[in-house]
Amino acid sequence: MQIVSLNIGLPRDVVWHGRTVTTGIFKEPVAGRVALRRLNLDGDRQADLSVHGGPFKAVYCYPVEHYAPWTEELGGGALPMGAFGENLTTEGLDEDDVHIGDEFSIGTARVVVTQPRMPCYKLGIRFQDDGMVKRFLASRRTGFYLAVVREGDLGAGDAIVPAGEDPQRLRVADITRLYVARAFDRDDAATAKKALDVAALPESWKEYLRDRLADV
């Protein structure tokens, strides 16, 4: 497991459907070591801090293994690293294998997995396609966010080394499945109840799941 590409970018203004939008989704690969702080990588920022960034979304990871199916489905040629707005393009990790609360050492930093990505309309801006948001979520190829346990520095080529796990073993894919479910069946309800005991899952997700469980 390793970092294939480390990608950063600052917010920029773009015109979309006749209005100016500020977005930080455009990331570019960088070489060398980059410092990871509690809220983000040096040289990287998010635009709308009401839904992006913060300690539970300090770093966004996206598996390089997802690039091939997207390239085929989108039919637009090769995609550059960072195309999905990710900070770390990773190899050897995916949503079915990574669990909320998994900890990893990367470079001199230590991080913990917190949640899947729920796309907003700015993904559509990146791909010049409003339908990309629904398509992305339907694919379940969401990637996942990290919180910073210990600040440090990291770079492309660094190994991603397991350093801890949550006993509930709740997969990133499980949270996405609960989110897209129209109604919870018995298994969904059991998974949602388990999620409430995962320390690394943000409280906003737990509130959402409690509301869904109230309707079961």
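Around atom OH of Tyr179, no more than 12 heavy atoms belonging to other residues, nucleotides or ligands sit under 6.0 Å away. Around NZ of Lys194, the count of heavy atoms belonging to other residues, nucleotides or ligands within 6.0 Å exceeds 12.
Taking the side chain as every heavy atom from C-beta outward, Ile175 and Thr142 never approach each other to under 4.5 Å. Using a 4.5 Å heavy-atom threshold, the side chains of Phe184 and Asp215 count as separate. Using a 4.5 Å heavy-atom cutoff, the side chains of Trp205 and Leu178 are not in contact. Within the 4.5 Å cutoff, no side-chain heavy atoms of Val111 are placed close to those of Val59. When side chains are defined from C-beta on, Pro162 counts as touching Met1, because their heavy atoms get closer than 4.5 Å. Contact of the His99 side chain with the Glu165 side chain is not registered, since no non-hydrogen atoms from C-beta on lie closer than 4.5 Å. Side-chain contact check for Leu146 versus Asn87: every heavy-atom pair is 4.5 Å or farther apart.
Between Phe26 atom CZ and Asn7 atom CG the span is 14.0 Å, to the nearest 0.5 Å. Distance check, rounded to the nearest 0.5 Å: CZ of Arg12 to OG1 of Thr20 gives 14.0 Å. To the nearest 0.5 angstrom, Leu123 atom CG is 5.0 Å from Ile25 atom CD1. With rounding to the nearest 0.5 angstrom, the CG atom of Leu196 is 8.5 Å from the CD atom of Glu203. For the atom pair CD1 of Ile106 and CD1 of Ile3, the computed distance is 5.0 Å after rounding to the nearest 0.5 Å. Arg45 CZ to Leu39 CG: the interatomic distance, rounded to the nearest 0.5 Å, is 9.0 Å.
Among all heavy-atom pairs drawn from Leu201 and Ile100, the shortest one is N-CG2, 3.9 Å. Between Ser5 and Met81 the shortest heavy-atom distance is OG-CB, 3.5 Å. In terms of heavy atoms, Gly152 sits closest to Thr108 at CA-OG1, 3.2 Å. Considering all non-hydrogen atoms of both residues, Lys122 and Thr23 come closest at CD-OG1, 3.6 Å. For Val4 against Thr90, the heavy-atom pair with the smallest separation is CG2-C, 4.1 Å. When all heavy atoms of Leu36 and Glu151 are compared, the pair lying nearest together is O-CB, 3.3 Å.
Test Arg141, Glu95, Glu86 against His66 for side chain to side chain donor-acceptor pair (under 3.5 Å) and you get one pass: Glu95.
Every residue meeting the salt bridge (Lys or Arg N to Asp or Glu O under 4.0 Å) condition with Asp96, not counting sequence neighbours, appears here in chain and number order: Arg171. Applying the salt bridge (Lys or Arg N to Asp or Glu O under 4.0 Å) rule to Arg33 yields the partners Asp153, Asp158; only residues at least two apart in sequence or on another chain are considered.
Ring geometry for Phe136 against Trp70 counts as parallel: the plane angle stays under 30°, on a 0 to 90° scale with 60° as the upper cut. Note on ring orientation: taking the six-membered ring where Trp is involved, the planes of Tyr60 and Tyr62 are tilted (angle from 30° to 60°).
Connection of Val148 to Ile160 is established within a shared hydrophobic cluster, with ILVMFWY side chains joined at heavy-atom distances below 4.5 Å, either directly or through further cluster members. Tyr121 is connected to Leu74 through a chain of hydrophobic side-chain contacts under 4.5 Å among Ile, Leu, Val, Met, Phe, Trp and Tyr, so both are in one cluster. Hydrophobic clustering keeps Val149 apart from Val198 (ILVMFWY residues linked when any side-chain heavy atoms are closer than 4.5 Å, directly or through intermediates). Taken together through direct or relayed side-chain contacts under 4.5 Å among Ile, Leu, Val, Met, Phe, Trp and Tyr, Leu209 and Val180 form part of one hydrophobic cluster. Put simply, Leu154 and Val98 are part of the same group of oily side chains (I, L, V, M, F, W, Y) that touch within less than 4.5 Å, one to the next.
Between the side chain of Lys57 and the backbone N or O of Thr114, no donor-acceptor pair lies under 3.5 Å. With hydrogens and angles disregarded, no donor-acceptor distance shorter than 3.5 Å links the side chain of Asp129 to the backbone of Gly124.
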Q. Can you check side chain to side chain contact (heavy atoms under 4.5 Å, CB included) on Leu137 and Thr176, steps first, answer last?
A. CA-CA 8 Å; Leu137 189 57; Thr176 305; 4.3 Å; yes

Q: Determine, step by step, whether Asp102 and Arg169 satisfy the salt bridge (Lys or Arg N to Asp or Glu O under 4.0 Å) criterion, reporting the C-alpha distance in whole Å, the side-chain angles of both residues, the deciding distance to 0.1 Å, and the verdict.
A: CA-CA 8 Å; Asp102 280 353; Arg169 308 305 289 153; 2.9 Å; yes

(Q) Is there a salt bridge (Lys or Arg N to Asp or Glu O under 4.0 Å) between Arg110 and Glu103? Walk through the geometry before answering. (A) CA-CA 7 Å; Arg110 183 162 172 159; Glu103 294 193 17; 2.7 Å; yes

Q: Please report the C-alpha distance between Arg212 and Asp188 in whole Å, then the side-chain angles of each, then the deciding distance to 0.1 Å, and finally whether the side chain to side chain contact (heavy atoms under 4.5 Å, CB included) criterion is met.
A: CA-CA 10 Å; Arg212 294 290 303 270; Asp188 292 335; over 6 Å; no

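A cation-pi arrangement is absent between Arg117 and Phe84 under the rule of less than 6.0 angstrom and at most 45 degrees off the ring axis.
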